[in-house]
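A short write-up of the structure that comes next.
We name chains A, B, ... by the order of the sequence lines, and we start the count at 1 in each one. Source: prediction; values computed, not measured.
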Protein chains: 2
Amino acid sequence: MITAKAKKGERKREIAAKATELFRTKGYAATSMRDLAKAMEIEAASLYSHIKSKEELLHGICFRMADTFFAAQKEAASPELSATEQLENAIVAHVKVITDDVAASAVFFNEWRHLSADPLAEFKKLRDEYEAIFRAILAAGMQESEFRTQSVNFTTLTLFSAMNVIYTWYQPEGSKTPEEIGREISRLLIYGLKD
Amino acid sequence: MITAKAKKGERKREIAAKATELFRTKGYAATSMRDLAKAMEIEAASLYSHIKSKEELLHGICFRMADTFFAAQKEAASPELSATEQLENAIVAHVKVITDDVAASAVFFNEWRHLSADPLAEFKKLRDEYEAIFRAILAAGMQESEFRTQSVNFTTLTLFSAMNVIYTWYQPEGSKTPEEIGREISRLLIYGLKD
DNA sequence: AATTTTTGCTAACGAACGTTAGGTTGTATA
DNA sequence: TATACAACCTAACGTTCGTTAGCAAAAATT
């Protein structure tokens, strides 16, 4: 039983990994179960020995990523630091999650809207909660005049868009580490192009 | 003939507008011609009196937007200005195009990958050419030490992601004009949060 | 008044979709 | 060695997909 348990669900993870790749390149709606089956070199019907539905795959990717993002923030949080340092830490943590799995990140950012009503609502709630972490840091920094005062909402969205585009170009073999990328984004956002 | 010519293709434009809305909210692949027909309050087959195919709609949206972006840059270009001013002008021009039609922008940014091979290749070429405009301004600014030297590629992508997220929250009735939004992004990117 | 054009319909096509049912095989556990 | 189960198969289901054919009414043009 021990060996069996160790291997339990391994095939399912392989399928999830291939699905992530396909959802990333073709999009969830444009990826058919037959596409996925072909990539796995089995028949479409065989997929259902391992998964319950197509949406289960999307659900798994989106919510696993959400968990990972939250966990990273929890670990990176240091309320005693300055807003600038808190922001930098939060950015680096966020970037690391993205670079850790760019395919899953792409699906997380672009395909969540294809979740059905209930998971969709839950997903949005989590997303708002997560955004609130950054919003709070920015608001605190402006309160204490550490940051120039401007719309927190606008700044948060700009910050996220700057971070969340990374999955489109990051390569593990590239010249920059996730840490360096995070620092660079921090610097660009905090000090600007002129500094 | 004058009246006829003036109204020629009007229905087609109505269909294109509705398609843009649907492609934006549901995505191209997840939007069926029957969805579109229902939104137009006609039968699906009737759509084909006005259009050739579903892809023609996507093609129209993507390439019309591409043209508009290029035209805006051409008008905004002032080679005699400093890199900082050139960049600010280019950003404002880009933002104005987005705010002018947020639905079409959303489709332009997210759904182009569903174009078939030939138009897809053409689209990517245009996209690269357009990006090169900004890339050149940034490179010139760094050359003349007007901007801090760092990866042009990284900076360009960050800049675009900051601009291209606007369609997700911009409202014409909102408190900020497109011009103000453009200036704000410029300021954030050029001078940073601290300035 | 005759005509062309626009706009829409019903009916249907073949293909692809997600998924289920029921069965076979090989491997690991008891 | 008997048993359980993971892994995959073929066949097929009902549905939806983009699209075509052929026709009818209405509106605009001549």
### Message
Quick check for you: among C:dG18, D:dG18, C:dT7, whose closest atom lies nearest to any side-chain atom of B:Arg11?
### Response
C:dT7
### Message
Given the ring of A:Tyr130, does A:Lys125 sit roughly above its face, with NZ or CZ under 6.0 Å from the centre of the six-membered ring and within 45° of the axis?
### Response
no
#### Entry: Aromatic ring proximity A:Phe160/A:His94, centre distance under 6.0 Å
yes
### Summary
Ranking D:dG18, C:dT19, D:dA7 by distance to the side chain of A:Ala44, first place goes to C:dT19
### Message
In this structure, how many angstroms lie between the P atom of D:dT20 and the CD atom of B:Glu56, rounded?
### Response
12 Å
### Query
If you round to the nearest 0.5 Å, how far is CG of B:Leu138 from OG1 of B:Thr158?
10.0 Å
### Message
Between B:Ser32 and B:Lys54, does the side-chain hydrogen bond (donor to acceptor under 3.5 Å, both in side chains) criterion hold? Intermediate values first, please.
### Response
CA-CA 9 Å; B:Ser32 73; B:Lys54 186 186 178 186; over 6 Å; no
### Task
Check whether the side chains of A:Glu55 and A:Ser116 place a donor and an acceptor atom closer than 3.5 Å, and report yes or no.
yes
### Task
Identify, residue by residue, the members of residues 33-41 of chain B with a heavy atom below 4.0 Å from DNA chain D, and return them in order of residue number, or none.
B:Met33, B:Arg34
### Message
If I take atom OH in residue A:Tyr48 and atom C1' in nucleotide D:dC13, what distance separates them, rounded to the nearest angstrom?
### Response
13 Å
### Query
Out of C:dG8, D:dT10, D:dC8, which has the shortest distance to the side chain of A:Glu43?
D:dT10
### Summary
Per atom distances to the A:Lys54 side chain, the nearest of C:dT20, C:dG18, D:dT19 is C:dG18
### Query
With sugar-phosphate meaning primed atoms plus P, OP1 and OP2, does A:Ser32 contact a base, only sugar-phosphate, or nothing at under 4.0 Å between heavy atoms?
sugar-phosphate
#### Entry: Euclidean distance, atom CD of residue B:Glu10 to atom P of D:dA27 [Å, nearest integer]
15 Å
### Nucleotide of D:dA7, C:dT19, D:dC9 approaching A:His50 most closely (side-chain heavy atoms)
D:dA7
### Query
For the side chain of B:Ser46, counting heavy atoms from C-beta on, which of D:dG18, C:dG8, C:dA11 is nearest?
C:dG8
#### Entry: Pair B:Phe108 and B:Tyr167, ring centroids less than 6.0 Å apart
no
